[in-house]
Amino acid sequence: MYPLIEIFGRTIGTYALCAVAGIFVSLLFFWKHTRTIKFSIDDILLLSIPTVLGLVAMGHLLYGMTHLGEIVQILSYANQISLAGVLTLLGNCFGGSVFYGGMIGAYLTFAFCTRKYEKPKKDLLCDTLAMSIPLFHVFGRIGCFLGGCCYGIESAFGFTVHDNPLVPTINDVNRFPVALAEALGNLLIFLVLYYLSQKIKGKVIYVYLLLYPVLRFSLEFLRGDEIRGIYFGLSTSQWISIALFVFSAISLLFFKRKRTVSA
């Protein structure tokens with residue numbers, strides 16, 4: 001794993017580099033896939049900027065919610081330390097990001113920004129967003145693997161990391177490459193969604209919300225960290241996976257029943 005690399009004398013985090021690459025590829029795909037409705041680069045930027053802001057805000061918010069115990073503890077002795085100290089500690093609680101929070105924030109912002117469009121155009125935009133998410137996620141999880149933030153359980157199969165300065169927990173322990181497994185899973189989901197995009201227009205987002213939760217729920221058992229919260233034996237992400245899967249299954253059944261009644 002290589003959490004940091006030097007480019008032109010500057011030290012850059014490999015996760016940030018992968019994230020930027022993922023954003024670029026996803027935006028390029030979005031533009032290419034929506035060219036039939038003459039969706040320009042300017043249109044994409046005007047839509048993507050608030051969507052990215054929603055992604056970042058909700059990702060950090062959900063991360064903070066998994067640290068509620070720490071936040072309550074910090075606030076309980078806030079009068080004993082300086083305001084700057086309180087803000088620093090709270091900043092650490094919200095410093096990370098949870099993918100599900102970012103995904104939900106991005107989708108809600110995207111839905112709000114596209115509410116003015118007519119149904120055929122809106123369906124194409126939503127389908128393209130659904131395909132863009134796992135495409136970006138492929139790069140994001142590769143970045144996680146290189147950075148070492150999303151490490152796996154101890155395993156005979158996997159990788160042993162030495163001298164990782166950012167995540168010392170993973171050093172000298174052979175771990176399952178769960179981040180790479182998720183990257184591969186997201187790539188397969190993207191290919192499935194792309195294949196289905198011409199067959200079930202306007203419903204691709206619901207198929208994504210069926211497939212990814214299954215992948216995420218399963219892989220959570222292979223992760224070695226517990227910073228996402230554990231409730232009744234399941235992590236925060238596993239509970240969200242269950243909720244999204246049920247929501248998507250009900251939505252698809254509703255659309256199918258509505259089509260049958262209309263026919």
Is it true that atom CD of E118 has more than 12 heavy atoms of other residues, nucleotides or ligands lying nearer than 6.0 Å?
->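 Count not over threshold, so no.
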Answer yes or no: are there more than 12 heavy-atom neighbours, outside F24 itself, under 6.0 Å from its atom CZ?
->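 No, CZ of F24 has 12 or fewer neighbouring heavy atoms, counting only those of other groups under 6.0 Å.
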Find the distance between OG (S237) and CG (L244) and round it off to the nearest 0.5 Å.
->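 One gets 10.0 Å once the value is rounded to the nearest 0.5 Å.
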How long is the span from the CG atom in L219 to the CD atom in Q238, to the nearest 0.5 Å?
->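 One finds 10.0 Å between CG of L219 and CD of Q238.
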May I ask you to list the residues sharing a hydrophobic cluster with L83, side-chain cutoff 4.5 Å, ordered by chain and number?
->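 Result for L83 is L87.
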Under the 4.5 Å side-chain heavy-atom rule for ILVMFWY, direct or indirect, which residues accompany I49?
->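 Besides I49, the hydrophobic cluster comprises L53, listed by chain and residue number.
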Report the C-alpha separation of L146 and L17 in whole Å, then their side-chain angles, then the decisive distance to 0.1 Å, and conclude whether the side-chain contact (heavy atoms from CB on, under 4.5 Å) test is met.
-> CA-CA 10 Å; L146 293 174; L17 201 61; over 6 Å; no
What is the ring orientation for F217 with F221, classed by angle as parallel under 30°, tilted 30 to 60°, or perpendicular over 60°?
->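 Perpendicular: the ring planes of F217 and F221 meet at over 60°.
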Note, F94 side chain near I71 side chain (heavy atom, < 4.5 Å) |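 Answer yes - side chains close enough.
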With sequence neighbours left out, write down each residue that passes salt bridge (Lys or Arg N to Asp or Glu O under 4.0 Å) with K119, or none if nothing qualifies.
->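 If we apply the salt bridge (Lys or Arg N to Asp or Glu O under 4.0 Å) test to K119, skipping adjacent residues, the hits are D123.
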Listed by chain and number, what are the salt bridge (Lys or Arg N to Asp or Glu O under 4.0 Å) partners of R141, not counting sequence neighbours?
->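 Here the qualifying residues are E182.
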Is there a donor-acceptor pair under 3.5 Å between the side chain of [X] and the backbone N or O of [Y]?
{"X": "D127", "Y": "G202", "result": "yes"}
{"X": "S248", "Y": "Y206", "result": "yes"}
{"X": "H137", "Y": "N186", "result": "no"}

Specify the closest pair of heavy atoms between S132 and F30, including all atoms of both residues, with the distance to one decimal.
->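 Nearest pair, atom of S132 first, then F30: OG-CD1, 3.7 Å.
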Between I133 and Y208, which heavy-atom pair has the shortest distance, and what is it?
->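 Closest approach of I133 to Y208, heavy atoms only: CG2-OH, 3.3 Å.
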Salt bridge (Lys or Arg N to Asp or Glu O under 4.0 Å) contacts in which one or both residues fall within residues 98-107, not counting sequence neighbours |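 Checked against salt bridge (Lys or Arg N to Asp or Glu O under 4.0 Å) - neighbours excluded - no pair reaches residues 98-107.
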Pairs touching residues 89-103 that satisfy salt bridge (Lys or Arg N to Asp or Glu O under 4.0 Å), sequence neighbours left out |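 For residues 89-103, and leaving out neighbouring residues, there are no salt bridge (Lys or Arg N to Asp or Glu O under 4.0 Å) pairs at all.
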Assess R115 against F112: is NZ or CZ under 6.0 Å from the centre of the six-membered ring, and within 45 degrees of the ring's axis?
->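 That pair qualifies as a cation-pi contact.
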Can a salt bridge be assigned to the pair E220 and R223 using a cut-off of 4.0 Å between side-chain N and carboxylate O?
->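 Looking at E220 and R223, the cut-off is met.
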Tell me, with the steps shown, if F136 and I23 meet side-chain contact (heavy atoms from CB on, under 4.5 Å).
-> CA-CA 6 Å; F136 165 78; I23 291 173; 3.8 Å; yes
Compute the centroid of each ring, for Y212 and then for Y100, and state whether the two points are separated by less than 6.0 Å.
->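 Here the rings of Y100 and Y212 have centres that are less than 6.0 Å from each other.
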